[in-house]
Amino acid sequence: MRAQSSAIAPSGIAVGGQETGGHGRSSGTLQAALGVVAFSLTFPATAWGLEGFGPWSLIAVRSILAAVIAGGCLLALRVPLPERRHRAGLAVVGAGVVLGFPLLTTLALQTSTTAHAAVVVGLLPLTTALFSALRVGTRPSRTFWLAALAGAAAVIAFTVQQSGGALTSADAYLFAALLVCAAGYTEGGRLARVMPGWHVIGWALVLCLPLTVPMAAVALSFEPVHLTAHGVTGLLWVAVGSQFLGLVVWYRGMAAIGIPKASQLQLAQPLLTLVWSVLLLGEHLTVAAPLTAAAVLVCIAVTQRARG
């Protein structure tokens with residue numbers, strides 16, 4: 001197959017399919033927000049998935065299922081292979097968001113509540129903005145950074161309070177997941193400027209198959225599988241919703257509105273995760289939630305208006 005062109009048209013519309021005009025920015029914000037909603041269900045769905053699968057089996061099978069869907073779409077639409085110069089970036093996306101973050105957070109959720117794990121997501125917007133500044137040279141304004149730090153502080157305070165303020169053995173997994181996911185988001189957002197967002201995650205998933213297929217074979221032979229309604233539902237969501245569809249709209253959104261601003265929409269993700277945890281897992285939610293939600297929404301509004 002021929003190599004894919006990645007030029008940016010002078011009109012501000014990427015040949016890869018990402019609009020950068022006013023309408024494109026509005027659409028990008030909406031798509032990034034939909035990605036956040038999809039990601040907010042990841043931890044509760046993972047907790048469900050762990051009811052039926054071991055952690056290594058869950059990660060491998062979810063990645064394979066998502067890769068089959070993505071690969072089928074790429075094949076059906078005859079999408080050309082990515083250019084050689086983009087393959088290192090796709091490898092970073094694969095290592096960060098296809099393998100690293102799901103594996104590390106799944107291992108953490110064996111001993112951590114979803115509320116405690118949400119600390120990672122609370123710090124992710126700030127970490128992604130930092131990676132973006134280092135990798136693609138973005139320079140957000142001082143107002144942007146102050147609002148981002150305030151939002152991150154509010155989320156961290158809330159989620160730590162939810163978990164009782166105690167650090168657990170899962171923290172090492174969570175902080176490592178934070179770093180690898182921020183790197184994957186940054187690289188994926190950069191690539192989504194020159195190719196459609198679903199191509200980015202699709203090729204990253206396919207490139208990981210040589211690792212995930214043997215991993216699944218080994219994990220399934222050692223870890224028992226109990227097919228329950230919760231287990232299967234959780235697996236399907238993290239595979240289709242979180243691993244593929246959520247990342248498709250997320251990368252498209254980042255390409256349209258910029259990595260730093262898109263990343264700040266994730267400040268709402270821990271709060272959404274806690275709501276789902278109450279509804280789906282029966283976890284207790286304190287009265288601090290509405291106050292934190294209001295503070296986070298103010299921070300999001302400031303970061304979205306701040307000029308970089």
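Values reported hereafter were calculated over all heavy atoms of this structure, with side chains retained and with hydrogens, waters and symmetry mates removed. Counting begins at 1 with the first residue of the sequence. In this text, all values refer to a predicted model and were calculated from it rather than measured experimentally.
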Any Leu65 side-chain heavy atom under 4.5 Å of Leu235 side chain: yes

Side-chain touch Leu245/Ile69, heavy atoms, less than 4.5 angstrom: no

Heavy-atom pair with the smallest gap, counting every atom of Arg62 and Pro102: NH1-CB, 3.5 Å

Minimum-distance pair of heavy atoms, taken over all atoms of Gly202 and Ala70: CA-CB, 3.6 Å

Connected-component partners of Leu75 among ILVMFWY, side-chain separation under 4.5 Å: none

Interatomic spacing from CZ in Arg193 to CE in Met254 - rounded to 0.5 Å: 9.5 Å

Other cluster members, Phe222 - Ile/Leu/Val/Met/Phe/Trp/Tyr, side-chain contacts below 4.5 Å: Val218

Residues in ring pair (Phe, Tyr, Trp, His ring centres under 6.0 Å) contact with Phe244, at least two apart in sequence or another chain: none

Geometric class of the Trp250/Tyr185 ring pair [parallel <30°, tilted 30-60°, perpendicular >60°]: tilted

Transitive ILVMFWY side-chain link Val36 to Phe131, under 4.5 Å: no

Interatomic spacing from CH2 in Trp203 to CE in Met195 - rounded to 0.5 Å: 9.5 Å

Donor-acceptor contact below 3.5 Å, side chain Ser242 vs main chain Phe39: no

Aromatic centroids of Phe43 and Trp276 separated by under 6.0 Å: no

Connected-component partners of Leu107 among ILVMFWY, side-chain separation under 4.5 Å: Trp56, Ile59, Leu103, Leu104, Tyr173, Val180, Met215

Contact summary for Leu280 and Pro44, nearest pair of heavy atoms: CD1-CB, 4.3 Å

Where Ala45 and Val238 come nearest, the two heavy atoms and their spacing: CB-CG1, 3.7 Å

Side-chain heavy-atom pair Pro82, Leu90 within 4.5 angstrom cut-off: yes

Spatial distance of atom CG (Leu271) from atom OG (Ser277) [nearest 0.5 Å]: 11.0 Å

Hphob cluster co-occupancy, Leu146 + Val298, side-chain heavy atoms under 4.5 angstrom: no

Hphob cluster co-occupancy, Leu220 + Leu50, side-chain heavy atoms under 4.5 angstrom: yes

Min side-chain heavy-atom separation Val79-Trp198 under 4.5 Å: yes

Residues forming a side-chain hydrogen bond (donor to acceptor under 3.5 Å, both in side chains) with Thr46, sequence neighbours excluded: none

Test item: Gln243 side-chain N/O and Val97 main-chain N/O as donor-acceptor pair under 3.5 Å: yes

From Leu58 atom CG to Glu51 atom CD, the distance as rounded to the nearest 0.5 Å: 11.5 Å

Minimal non-hydrogen separation, Ala47 against Leu281, with atom names: CB-CD1, 4.1 Å

Aromatic plane relationship, His230 with Trp48 - under 30° parallel, 30 to 60° tilted, over 60° perpendicular: parallel

Leu178 side chain near Leu174 side chain, heavy-atom distance below 4.5 Å: no

Nearest-0.5 Å distance, CZ of residue Arg85 to CG of residue Leu191: 9.5 Å

Over all atoms of both residues, closest heavy-atom pair of Leu205 and Ser63: CD2-O, 4.1 Å

Backbone N/O of Leu109 and side chain of Ser112: donor-acceptor pair under 3.5 Å: no

Any side-chain heavy-atom pair of His199 and Leu74 under 4.5 Å: yes

Leu236 with Leu247, same ILVMFWY side-chain cluster at under 4.5 Å: yes

Side-chain (Ser132) to main-chain (Thr128) donor-acceptor, under 3.5 angstrom: no

CD1-CG distance between Ile156 and Leu149, expressed to the nearest 0.5 angstrom: 9.5 Å

Heavy-atom side-chain proximity of Tyr251 to Val93 below 4.5 angstrom: yes

With sequence neighbours excluded, residues passing side-chain contact (heavy atoms from CB on, under 4.5 Å) with Cys208: Val98, Leu99, Thr212

Min side-chain heavy-atom separation Phe158-Leu274 under 4.5 Å: yes

